[in-house]
Visitor: 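The following block contains the structure, expressed as structure tokens.
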Amino acid sequence: MLALVLALFQPCLLLLLHVDASGGGVHVQSQLAALLKWKSTLRSSPSLDSWRQGTSPCSSNWTGIDCGTVRHGRNTPQVVIGIYLPNAGLDGRLGELNFSALPFLQYIVLSYNRLHGEIPRAIASLPMLSSLILTGNWLHGQIPPELGDMPSLTQLGLSLNNLTGHIPASLGNLSSLVDLVIHQNMITGTIPEELSKITSLEDLQLSSTSLSGPIPESFGNLTKLKILRLYDNQLSGTIPSSLGNLVHLQSLELSANQLEGHIPPSLGNLGNLSDFSLYGNNLIGSIPDEIGRLVNLRTVLLYQNMISGSIPATLGNLTSMTEFSAFSNKLSGSVPREFSNLTQLQILNLGNNSLSGELPSDVCKQGNLQLFVVSANMLTGTIPSGIKACSSLRAIDISGNQITGDISGFGPYPHLFFANLERNNLYGVLSRTWGSSINLTIFSVAGNMITGSLPPELSNLVNLGELQLHNNNMTGSIPPELSNLSNLYELSLSQNQFSGHIPPEFGRMSKLQHLDIYMNNLSGSIPNELGSCTELIFLRLDGNSLSGYLPATLGNLWKLQIVLDVSNNKLIGGLPAELGNLQLLELLNLSHNEFNGSIPSSFSGMVSLSTFDVSYNDLEGPLPTGRLFSNAPIAWFLHNSGLCGNVTGLPACSSSPTIGHQRGRILSLVLAITIPLCIVTILATFGFIMIVHKSNRYQKTAIIDRRDVFSVWNFDGKLAFEDIIRATENFSDSYIIGSGGFGTVYKVQLQGGRLVAVKKLHETEDISGESFMIEVEVLAKIRHRSIVKLYGFCFHQMYKFLVYDYIDRGNLHSTLENEELAKELNWQRRAAAARDVAQALYYLHHECKPPIIHRDITSKNILLDRHFKAYVSDFGVAKVIKPDSSNWTELAGTYGYIAPELSYTSAVTTKCDVYSFGVVLMEIVMGRYPLDLQSLTSLQGHHHNIAIEILDQRPPLPTTVEEEEILLLVEVATACVQPSPQSRPEMQDVYQKLTRHCPSYAFATTSCALALEGIKDGEV
């Protein structure tokens, strides 16, 4: 009998053991010892300075410790009932805390620290614990099933960790649980049916993990739910109609999954719903009319599905709605006129559907509308009057429709930064009031019927990056004031009726990359000043009445890549040899002019050319040698006066020089006199010819444009050797600007003033000539505006070097080390540099066939120009130098940036570049190399709290928009530096994340908007 009594009361007896005999309280010493021992296992934690030996946790106001009383007989001793230390900088393991010494704990809140290791199973032994919040740490391993044995638990927060495995079915036993939040982990498997037994749940968030399978139909039993977030998983199946039972639901977010089927009409029962998000699934069918009953809805996100049918007129009842985004679906019919009732609407995005009919007359009744996108539909009618006068607009895109109306009355829009009205039937003139929309960054009205002149007031748009006015009926001259648009990178005025001259002032537009003025009535000469627009990659001036000579200064446009077209003009004179400098150019059209003389031999160095048209001119003489001219079609050379060469349809060039004829005549004369004298004369004449030939060859070589030395296929090394030896005074140390593992870099100014960077390879490198040339040929074909161009090489017995474009500011590493430059490299520039590098690596990995692995992405191999634009350098150099080496770890990068798998494998993959890029991203954010890389690998999901601690303090404090970009950089960086290559993203994913990962509500951020080219297609 006594044994039975002891068994029944054993839990009570155990509890009483914690109370001392004097009734003075629970063992204060055991609580003190447990907390101090845990403190000793944590790394430096200043927030725990108040935890000291000789004091009591309950009487000395220990930071983060809360005490209460428990009844024991007549006494009420003080005990520790709570630990509350969010954002306290704790770095260590939670498992080092002795929970058995703290049996009265009711809550543990340790969010946003650096706790690592697994969640200790011993926590389940705390019978009174009601709140366990471990959000934003580095915890890994599985969620302990023992947590399901905690009957008092009401809050369980495990978000933003690295937890793996499945969600334990035992959590379904937590009958008192109110909040279950396991957002952004690496949880897999299906959602346990058992969770539907927790009928007390009000907040269930299992988003941004890797859950698969269906949403349990039994979730309809969770009738107290207010928040259900399952977005960004791999859930499949249909949306359960039983979710219509969750009448208290305020937020339903099921987006970015693989859900299919129809939107259940039963969701119309959710009268309290405020946020409704289903985007990024495979949903079909129509939008239920019943959604119009949800009068509390504020955001409705249905985009990127396959929803069809018309937009229900009942949505006009949702007068509290601020955002309706349904772009990239199959919607048809008209936009309901009832949308004029949506007076709180800020974002309306219906782009890329099949909508037709007229737009509602007033969708900006209260002046709240900020984004209006209906692009890529079949809309007709006129532009709504409400849109014309909507001064609150920040972005408007009605492109790709059949909308008509007079554009003259648009604006002004003081907040507008994006306006795309192209490809409609708009007419009228451009109002001068557009010049007051000073925040505009992109403005396009191309492909309409606009007349009148181009207002000089547009020069006030100092932030403008793109101005697209092509394919209209505009007249008058091109205002020289446009040259004030210092940020303009794309100007398209083609297919209009502009007259007058091309303004020489355009040479001041230092950032201009795309200039398109073809098919106008322009006259006069091409300004020499255009040669100062050294960022140009596209230049079309064809189809005008331009006259005079083709400026030799166009040879300064080293970055011209896509096209140079001056055809169908009245240009005269010879072709400038300087055009041979355009190493990146793919299409050169000089046809239908009055050019004369010969085609310069320097053109043979234009190794990227795929199209070369000089037809309908007065050219003569031989075609240049080289790959392009050996297989060219005859159509490129038709209707010239005397071209010859190895092209079918052209006459072959004569192979008998004048000197040969003279030698024959002399020989005949001498033979007629005497045979002995003939022999002497022949010998003398032969010697004389050899001397003259050698002299002529030297002179001819000397006058060849020095840029020809950069032809990878035709260059024999001599000229580059002499030119660069002379320019560097035989590689004097005074010209050194850097050094690396394989060579020393010199700054070289060639004849004519052009600057290049020469990497002289170390003499110790054993380089195979044949493999060297093959690899350099491959690398020289690379053409990308964020990659330093490799122009050529010298393979000499004494010297071996590579010749690159010179980037003036130096590398990212030295910039970050310089206190003043680091301040100047503000957050906007740092984010832009990160995107430049990501785009370059995306090109190397995914656009080059076969893919090119850089192998040495470091801050020293990222160069910055005077505008802080970033360029990737030294790509593939290790492979060029030692293509057959088996010691890949030696070649695969710089210590500290090398992917960890190269310590145990010789396989260099694109994921090695991804790892190195992640390190560079952290360096950009921190302003220095991240020493604790081992900790970085556990950061994924914790970019919010880590960014605060590591942020470089030298630049100006980031704005709210810049803070979002910084957090994005940290998020991407932590994904890139994961130890396992399989866990890292591809560069394609990284680039898209950095340029397109802007939520629909972030349209007002200029940096995001400019990266989002998809806005033109209705994707914001």
Visitor: Would you indicate whether the side-chain heavy atoms of Leu587 and Leu609 approach each other to under 4.5 Å?
Guide: no
Visitor: What class does the angle between the rings of Phe612 and Phe629 fall in, given that below 30° is parallel, 30 to 60° is tilted and above 60° is perpendicular?
Guide: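 Ring orientation, 0 to 90° scale: perpendicular.
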Visitor: Out of the candidates Ser444, Ser375, Ser399, only one should pair with Glu422 under the side chain to side chain donor-acceptor pair (under 3.5 Å) rule; please name it.
Guide: Ser444
Visitor: Go through it in stages, so that I can follow the logic: the residues are Lys570 and Glu594, the test is salt bridge (Lys or Arg N to Asp or Glu O under 4.0 Å), and I'd like the CA-CA distance, side-chain angles, deciding distance and then a yes or no.
Guide: CA-CA 6 Å; Lys570 300 176 182 179; Glu594 300 171 19; over 6 Å; no
Visitor: Side-chain contact test, heavy atoms from C-beta onward, threshold under 4.5 Å: evaluate it for Tyr427 versus Asp406 and give yes or no.
Guide: yes
Visitor: Shortest non-hydrogen contact from Asp618 to Ser641?
Guide: O-OG, 3.2 Å
Visitor: Under 3.5 Å, is there a donor on one side chain and an acceptor on the other for Gln839 and Tyr991?
Guide: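 The answer is yes; a qualifying pair exists.
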Visitor: I need the minimum non-hydrogen distance between Asn593 and Asn617, along with the two atoms involved.
Guide: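 Of all heavy-atom pairs spanning Asn593 and Asn617, the closest is C-OD1, 2.9 Å.
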Visitor: Do you know which of Asn487, Leu467, Leu440, Leu482 makes side-chain contact (heavy atoms from CB on, under 4.5 Å) with Leu461?
Guide: Leu440
Visitor: Is Thr611 close to Leu588 at the side-chain level, that is, under 4.5 Å between some pair of heavy atoms?
Guide: no
Visitor: Would you please test Tyr518 and Gln495 for side chain to side chain donor-acceptor pair (under 3.5 Å) and show each step?
Guide: CA-CA 6 Å; Tyr518 81 93; Gln495 294 177 282; 3.1 Å; yes
Visitor: With a 4.0 Å cut-off, would you call Arg432 and Glu457 a salt bridge?
Guide: yes
Visitor: Provide the closest heavy-atom pair for Thr534 versus Asn556 in the form atom of the first, atom of the second, distance.
Guide: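 Thr534 and Asn556 have their closest heavy atoms at CG2-O, 4.0 Å.
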